[in-house]
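Notes to accompany the following structure.
Proteins come first, then strands; the chains are lettered A, B, ... in the order of their sequence lines, and each starts at number 1. It should be emphasised that the depicted structure is a prediction, and the values quoted were computed from it without experimental measurement.
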Protein chains: 4
Amino acid sequence: MEFDNNKPIYLQIADFVCDKILRNEWSAAGRIPSVRELGADLQVNPNTVMRTYDYLQGEEIIFNKRGIGYFVAETAVQNIVKLNRTEFFSHQLPMLFNTMNALGITLEEIKSQYEAFLKK
Amino acid sequence: MEFDNNKPIYLQIADFVCDKILRNEWSAAGRIPSVRELGADLQVNPNTVMRTYDYLQGEEIIFNKRGIGYFVAETAVQNIVKLNRTEFFSHQLPMLFNTMNALGITLEEIKSQYEAFLKK
Amino acid sequence: MEFDNNKPIYLQIADFVCDKILRNEWSAAGRIPSVRELGADLQVNPNTVMRTYDYLQGEEIIFNKRGIGYFVAETAVQNIVKLNRTEFFSHQLPMLFNTMNALGITLEEIKSQYEAFLKK
Amino acid sequence: MEFDNNKPIYLQIADFVCDKILRNEWSAAGRIPSVRELGADLQVNPNTVMRTYDYLQGEEIIFNKRGIGYFVAETAVQNIVKLNRTEFFSHQLPMLFNTMNALGITLEEIKSQYEAFLKK
DNA sequence: GTGGTCTAGACCACC
DNA sequence: GTGGTCTAGACCACA
């Protein structure tokens, strides 16, 4: 897996895990890979995965059974969606609008770019 | 001036300088404040301003006359705009589209949000 | 290590690093010393080494893995050679020819000096 | 006049003055422009020209009559040539040979470059 | 542990 | 006066 330098790796791994859950590859109440396993898979220090799991547990997307492993929470999917939507509408979108304003970019341009993006 | 903790101060100062240039408050071929002056103005260490100027010189937005000071480059405005647009269309926008896709958000929603944003 | 006062230390360290790479003492994709280590080795402030690494990363000679360290880029050797040759043929040599012309020095004289230099 | 950023302006002005003398445009025992005049001509601070004249006086290339101005020394030409040749053979040339060695550049390459330079 | 940023203060060459 | 470099020491996020 390749990482973007502008975002902490542990958050990128969180996205990766959420993606797995949303696609139902890791299903509700099921066990997810151990910190060591996932670390080996993604070629990343286990500590970093640990941080991801910590974060996801805080958001109630996964939970821990001591000595056994981490599991997908029942409410995982809805929490992921809520988390993402909140982030999107309260941070990402306003920032976008600000730069659009600053650069004089219209919604029309965004629209045509979006259509090009969809075809890709 | 207040600084956002999520972005290096020297880059926020760069934005500040670019803004001045775009608004024509600091005009083409004109001298801009010395690192010491601007540092005092913004309550920031001169070294930090130095780093900003270094960066902006690399982007060919300002240039230096030795022992005299820094000046706005002839091509400053176009370089600023180019820099910002490149960043916007090749990074910010694709990331936006990706999350839109992932969250199932349509362009219609964006549009209504944008109108709300404009009224604010 | 001793430093020449006529050239910034951070650039002399850059030369030092490039030399290591060219001699294959620090090999492609391998990790190079941390800013703290090299700083201690060369009896130089870590910030100064940091500046060197910054510069070399800009020239795509080394690259960074966050939280882990700096590594020799795959294309390091060719980039070093290209950098040096460009500098030599487009700046150093023309300046030499200009002064040769001004002083009426012939290529023959250069040649004999060069042979003397090689024997030294 | 345009200045190279890698060399102090006052030394570049010194080169300019020496060139005038060597070409006999400013002849032996003749008066040369005042600090203010030359400064205006070259669009440079008079202080900087002053520093040039100071330096050239130290090298016995020009001399000063108080209240009147600066004049070309009788021994100017020979001192210029001596100064330049010394600089060339004891500094410039050894540095050249070093980089040639480091980059594996042969005298043959230099020769062909030189011929190309002469035709230009 | 790593790099990245920032401050405070110093010294220097140059204009 | 200007920028440029360097040091010492601090704090932070990240791995």
Could you pull out all residues at least two apart from [X] that satisfy salt bridge (Lys or Arg N to Asp or Glu O under 4.0 Å)?
X       : answer
C/Arg31 : none
D/Arg23 : D/Asp19
B/Lys20 : B/Glu25
A/Arg85 : B/Glu109

side-chain hydrogen bond (donor to acceptor under 3.5 Å, both in side chains): which pairs involve residues 51-63 of chain A, sequence neighbours left out?
->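 Of all non-adjacent pairs touching residues 51-63 of chain A, none passes side-chain hydrogen bond (donor to acceptor under 3.5 Å, both in side chains).
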
Do you know the tightest heavy-atom contact between B/Ala76 and B/Ile61?
->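 The answer is CB-O, 3.4 Å.
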
Sequence neighbours left out, what passes side chain to side chain donor-acceptor pair (under 3.5 Å) with A/Asp15? Give chain and number order.
->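 Partners of A/Asp15 by the side chain to side chain donor-acceptor pair (under 3.5 Å) criterion, ordered by chain and then number, come out as A/Lys7.
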
Tell me: [atom1] of [X] to [atom2] of [N], nearest whole Å?
X       : N      : atom1 : atom2 : answer
C/Arg31 : E/dT2  : CZ    : P     : 6 Å
C/Asn6  : F/dC6  : CG    : P     : 12 Å
B/Leu38 : F/dT2  : CG    : P     : 12 Å
C/Lys7  : E/dC12 : NZ    : C1'   : 19 Å
D/Asn5  : F/dG3  : CG    : C1'   : 12 Å
D/Gln43 : E/dC15 : CD    : P     : 15 Å

Represent DNA chain F in dot-bracket notation, 5' to 3'. Only Watson-Crick or G-U wobble pairs with both distances under 3.5 Å count; pseudoknot-style crossings use [ ] and interstrand partners use |.
-> ||||||||||||||.

On DNA chain F, nearest-nucleotide positions of A/Val44 versus B/Pro33: which is more 5'?
->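 Comparing both residues, the 5'-ward one is B/Pro33.
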
For DNA chain F, whose closest nucleotide is more 5', that of B/Asp54 or that of C/Thr48?
->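 The 5'-side residue here is B/Asp54.
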
Does A/Val44 offer a backbone N or O that forms a donor-acceptor pair with the side chain of A/Thr48 under 3.5 Å?
->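 Flag not set: sc A/Thr48 to bb A/Val44 has no pair under 3.5 Å.
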
Results of ring-ring contact (aromatic ring centres under 6.0 Å, His included) for A/Phe63 - residues two or more places apart only =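 ring-ring contact (aromatic ring centres under 6.0 Å, His included) list for A/Phe63, sorted by chain: A/Phe71.
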
Polar atom pairs between nucleotides 9-14 of chain F and protein, under 3.5 Å, N or O only, would you list them?
{"from": "F/dG9", "atom 1": "O6", "to": "C/Asn47", "atom 2": "ND2", "distance (Å)": "2.8"}

Pick base, sugar-phosphate or nothing for B/Tyr70, based on heavy-atom distances below 4.0 Å to the nucleic acid.
->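 Contact class for B/Tyr70: sugar-phosphate only.
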
